[in-house]
2 protein chains.
Amino acid sequence: MEQTDEVASLSKKAQKKAERLSKKMAAASLSTAATAGGDLAEDALAANYGDVPLLELQSKAITGRKWKKVSELDASLNGQSVLLRGRCHTTRGKGKIAFLILREAGHTVQCVFQVEDNVVSKGLIKYINSLSKESIIDVEGTVDIPSAPINGTTQQVELKGRKVYCVSKARPVLPFNLEDASRSEKDFQKAEQEDLQYVRVNQDTRLNNRVLDLRTSANQAVFRIQSYVSMFFRQFLVSRGFVEIHTPKLIAGASEGGAAVFSLDYYGQPACLAQSPQLHKQMAICADLGRVFEIGPVFRAENSFTHRHLCEFTGLDLEMEIKEHYFEVLDILDELFVFVFDGLHQHCSKELEAINEQYPFEPLKYLKKTLRLTFEEGLQLLKSFSALLWQDDGIELDPFGDLDTASERRLGTLVKEKYNTDFYILHRYPLAVRPFYTMPCFDNPQYSNSFDVFIRGEEIISGAQRVHDPELLTSRAEACGINVKSLSTYIDSFRWGAVPHGGVGVGLERVVMLYCALNNIRKASMFPRDPTRLAP
Amino acid sequence: MEQTDEVASLSKKAQKKAERLSKKMAAASLSTAATAGGDLAEDALAANYGDVPLLELQSKAITGRKWKKVSELDASLNGQSVLLRGRCHTTRGKGKIAFLILREAGHTVQCVFQVEDNVVSKGLIKYINSLSKESIIDVEGTVDIPSAPINGTTQQVELKGRKVYCVSKARPVLPFNLEDASRSEKDFQKAEQEDLQYVRVNQDTRLNNRVLDLRTSANQAVFRIQSYVSMFFRQFLVSRGFVEIHTPKLIAGASEGGAAVFSLDYYGQPACLAQSPQLHKQMAICADLGRVFEIGPVFRAENSFTHRHLCEFTGLDLEMEIKEHYFEVLDILDELFVFVFDGLHQHCSKELEAINEQYPFEPLKYLKKTLRLTFEEGLQLLKSFSALLWQDDGIELDPFGDLDTASERRLGTLVKEKYNTDFYILHRYPLAVRPFYTMPCFDNPQYSNSFDVFIRGEEIISGAQRVHDPELLTSRAEACGINVKSLSTYIDSFRWGAVPHGGVGVGLERVVMLYCALNNIRKASMFPRDPTRLAP
């Protein structure tokens, strides 16, 4: 058995051990090949392919072999022998040659197997043709730079294959093909012109078989970007002295007095799932932690079936002491999101490209210093342009009401036009449309020290200075019709001295959805939950 | 009004604006002082103290003043004027002098106010004496190096105070005193010798008033350490190519087939809270994410009242592809925890000191390469020493049963003795005591490719190679008496090709508790949940 480069590169000292193991592996592979059955038993090269028995995968041996990643394959490895593990994306065999596209984490490479004496047998070609799509396979071969560029793989090199083993077989029939699930609108348009019939995989089919759906290059990228967003969020906040906290999701009473909660029995006591870490993160501020953040699930039992609501999503929450003004929170928020957006731009170009391939989108426009408009300025902008743009004869906007989704979108368009940004802050919202714990403005109690933040005309963040005075807090809760008694532990926290403070809640999935201009929040949630979906 | 250093340091350009604001602030303070009432209205220096009206705190002005942190005060600031915000920890006035200990985030500094013409009035001293403990106050003064070292404050400098304003008043009577809540056993012993009577604040009183309890220096340190543990955990995993995921906590059926779940109604469907992200993190591996981790709440409806069980805690979970052997997971785990422990040692000396002050503990002993013992070796060690150490005549240990808590502790002691480490891995557990998805050993199916990790003789981590073969998984589930149908979306994930993989679950609160040798897990949970505690 030819030694792989990996074995050769081991130190002299380990050489003997490696040889011994290498022999063992070869023996194992031989016994393995037998499982491929039939006439192949007569194949002198039968050890070069076959199904790996489960026993071999139960941590039987440490051989020291090294696997390369498909994404690492480039021209610098030309001529080198490598070992890869990935999925059998597609196979195409004809006579003495077989093409196998190997996919790993959304990256693909073409492996070419050609019958050659003492290297690749006919049996191996036959074996490749028998592999089902999505099976996990090990491929050993030599990196090669093809004479003509390869279409349809992410890697520009190919592999001259010598060995192939199946680690885990996929069922021959899948709920859908990855190729179908990976097509863009452009592909469909092109197909129509060429009179081809492509299968469309609809959203429910995707979500019902999410594990398969998540394997597309675009989805691989979406969830890596989601991971980066939290990472940058944390990295920035930690650098600014924020402490990460974990507050309980199981609470007595309704978390913010709202009705849309999931209720449950807690050892005989009525309990519910926290709609946000709002009350407890404020309590952490009352507990002298100064600046805190939390990344965790929040639960909303709303009966919403929109493109942007989920019953369970990931909240990025922060809360901080303020010395004088709620603009201190906006300053942090501003720098934080510019840091996140800059980070994505710098570190995720490949991921963004992969998403763009399937779901084309305009890159997010944002300013280095985020635009801040007051709610009143926002209304003014909407009023002055609405007649002009949407041929309304002056829409009716309640100066102390909230903006509806359509108005938010319109305002987003106007702001983009006027200020060239998809990301901006709208502050000084009417008090009446904000939660009871929102601090009223010092100069006009009909407004509040609160704000929403928008990406592409949709809200991703809500925040405010909070009422830190227990008397005002109590009277505001009463004014909002909330049972003050159910909030006693929360309100009591402010009776032992409380610093002025403010904070924000961000929806992680919304940030990802809107940054990438995806059309549905379910695309940005790994296993989404809505009123009809509780699985997988 | 004398300009503060902060104002003086502003650029020329901002000077005028600052002066204007400075005058405004002075005017505000004057009106403020009036609220202190009585004869003080005649005090020419009345603007130097008083209650700040709420209106001023509702983001009325941005003055550009800068507040220093108490923890930042040191000899290098000698002679400088600073502005501080913190809590009135204690006050002690006698005649023309008042001592005020200001506390911020567990750090304390002594502020001395002495009556002096045109600087500090009698009215100010009187005002300080009227301040209730825990009130939030602003203090302005000059940093000074005292002639004799100060006892009982964390900062070695003191402040010659000139101004003091109350931002938020605490109720005059608190559930307990912070001083009482901060005492160590040593303090109590000393008090006994000196015939003093100290108040003990018991755990329930602390937890009922957790916001107050969290303000002790030890607790401030505990939750900063908790934050650091997650940070190091993430930092290491991200550097090794792990992707952070967020899996649903609302799931259909029982998460791992166990009985101890919280059930709820989900829009008419029966649902429960995930006992761990186990099933979904494995599904993320089946979805080609390669290496994933999650930090999030896990829910256990167990009726446990021990020192180490909670009904809701923070799980640090990871799951990764393995190429050959479950030791690949152990290698990651080993490096990960050495990274966490090294990080705590390097970055948290002050926090560890603060905890040690109240709850003295031996620093954790750990090896640079973590000790790995097989379960059998562990049993052997227990058997050979049990007679010797605990005068048992050879304890009965089931070779295929689990270790009870007492045996785990004993083994911890023996391992410490023999290998000089508080942190070690025990692997190759009997299959019968592990969950159905645990991979059996290749050479003996009575054992499994699984492990627990211990700190100071208590388990903090459980992990294993998982069964990636759908047929074996189904038969294992059936053998464990689990309703396979309720796990269909999980098991189906393995039918579309699955890589061998393994992972671990870590309890964040347990890591913090045992690293710091705290005697109860409730001390390491900000707002703990147990069968009788659902608030605050």
Side-chain angles (χ1 to χ4, degrees), chain A residues 54-55 57-60 62 67 87 105 134-136 168 170-171 211-212 214-215 224 227 230 243-246 248-250 252 262 264 266-267 269 271 283 286-288 290 296-297 312 314 323-326 439 442 449 465 469 489 493 495-500 526-527 529 531 534-536, chain B residues 54-55 57-60 62 67 87 105 134-136 168 170-171 211-212 214-215 224 227 230 243-246 248-250 252 262 264 266-267 269 271 283 286-288 290 296-297 312 314 323-326 439 442 449 465 469 489 493 495-500 526-527 529 531 534-536:
Chain A
L54 184 58
L55 193 74
L57 301 166
Q58 285 177 261
S59 301
K60 191 168 176 183
I62 301 172
W67 278 256
R87 293 190 184 273
E134 296 301 304
S135 292
I136 300 288
S168 168
R171 281 193 167 171
V211 165
L212 204 55
L214 287 170
R215 295 178 189 169
R224 281 177 171 81
S227 176
S230 321
V243 176
E244 182 171 16
I245 58 170
H246 302 282
K249 306 307 154 205
L250 287 166
F262 290 106
L264 71 155
Y266 188 86
Y267 300 96
Q269 284 183 71
M283 286 158 80
C286 293
D288 291 354
E312 178 179 348
T314 307
K323 299 296 186 193
E324 297 189 314
H325 202 284
Y326 70 95
M439 184 64 96
F442 78 97
N449 295 341
Q465 180 178 359
D469 180 85
T489 56
S493 309
R495 300 196 198 280
W496 305 323
V499 284
M526 190 172 277
F527 297 103
R529 293 290 178 257
L534 186 56
Chain B
L54 183 59
L55 192 74
L57 301 166
Q58 285 176 260
S59 300
K60 192 169 175 184
I62 301 172
W67 277 256
R87 293 190 184 274
E134 296 302 304
S135 291
I136 300 289
S168 168
R171 279 192 170 173
V211 164
L212 204 56
L214 288 170
R215 294 179 191 168
R224 282 178 171 80
S227 177
S230 320
V243 176
E244 182 171 17
I245 58 170
H246 302 281
K249 305 307 155 205
L250 287 166
F262 290 105
L264 70 154
Y266 188 86
Y267 301 95
Q269 283 184 73
M283 285 157 80
C286 293
D288 290 356
E312 179 180 347
T314 306
K323 299 297 187 192
E324 297 190 315
H325 202 283
Y326 70 96
M439 184 64 96
F442 78 98
N449 295 340
Q465 179 179 0
D469 180 85
T489 57
S493 308
R495 300 195 197 280
W496 305 323
V499 284
M526 190 172 279
F527 297 103
R529 293 290 179 259
L534 187 57

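Lettering follows sequence order; numbering is per chain, from 1. On a predicted model such as this, the values are computed, not experimentally measured, just so you know.
Heavy-atom distances place the side chain of A:L54, and not its backbone, under 4.5 Å from chain B. Using a 4.5 Å cut-off between heavy atoms, B:T314 touches chain A through its side chain atoms alone. Interface remark: B:E134 contributes backbone and side-chain atoms alike to the contact with chain A (heavy atom separation under 4.5 Å).
We find the CZ-CH2 distance between B:R215 and A:W496 to be 7.5 Å, quoted to the nearest 0.5 Å. Here CG of B:L57 is found 12.5 Å from CZ of A:F442. Values are rounded to the nearest 0.5 Å. Expressed to the nearest 0.5 Å, how far CG of A:D288 lies from CZ of B:R87 amounts to 4.0 Å.
Options B:S135, B:P500, B:A498 differ in how many heavy-atom pairs under 4.5 Å they form with chain A, and the most are formed by B:A498. Here A:S493 is the residue among A:A535, A:S493, A:G290 with the most heavy-atom pairs under 4.5 Å with chain B. Interface summary for chain B: among A:L250, A:I245, A:V499, A:N449, the most heavy-atom pairs under 4.5 angstrom belong to A:L250. When each of A:Q269, A:M526, A:R224, A:R171 is checked for heavy-atom pairs under 4.5 Å with chain B, A:R171 comes out on top. Top candidate by heavy-atom pairs under 4.5 Å with chain A, chosen from B:P297, B:C286, B:G296, is B:C286. When A:A170, A:P536, A:P531 are compared by the number of non-hydrogen pairs under 4.5 Å with chain B, A:P531 comes out ahead. Interface remark: of the candidates B:K323, B:M439, B:Q465, B:K323 forms the most heavy-atom pairs closer than 4.5 Å to chain A. Most heavy-atom pairs under 4.5 Å with chain B, from the set A:I136, A:L214, A:T489, A:L55: that is A:I136.
With sequence neighbours left out, B:S230 forms a side chain to side chain donor-acceptor pair (under 3.5 Å) with no residue at all. The side-chain contact (heavy atoms from CB on, under 4.5 Å) search around B:S227 returns A:V243, A:E244, not counting sequence neighbours.
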Could you walk me through whether B:M283 and A:F527 satisfy the side chain to side chain contact (heavy atoms under 4.5 Å, CB included) test, starting with their C-alpha distance in whole Å, then the side-chain angles of each, then the deciding distance to 0.1 Å, before giving a yes or no?
CA-CA 10 Å; B:M283 285 157 80; A:F527 297 103; 3.8 Å; yes

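The shortest side-chain heavy-atom distance between B:E312 and A:K249 falls under the 4.5 Å cut-off.
Taking the six-membered ring for Trp and thresholds of 30 and 60 degrees, B:Y266 and A:F262 have nearly parallel ring planes, at less than 30 degrees apart.
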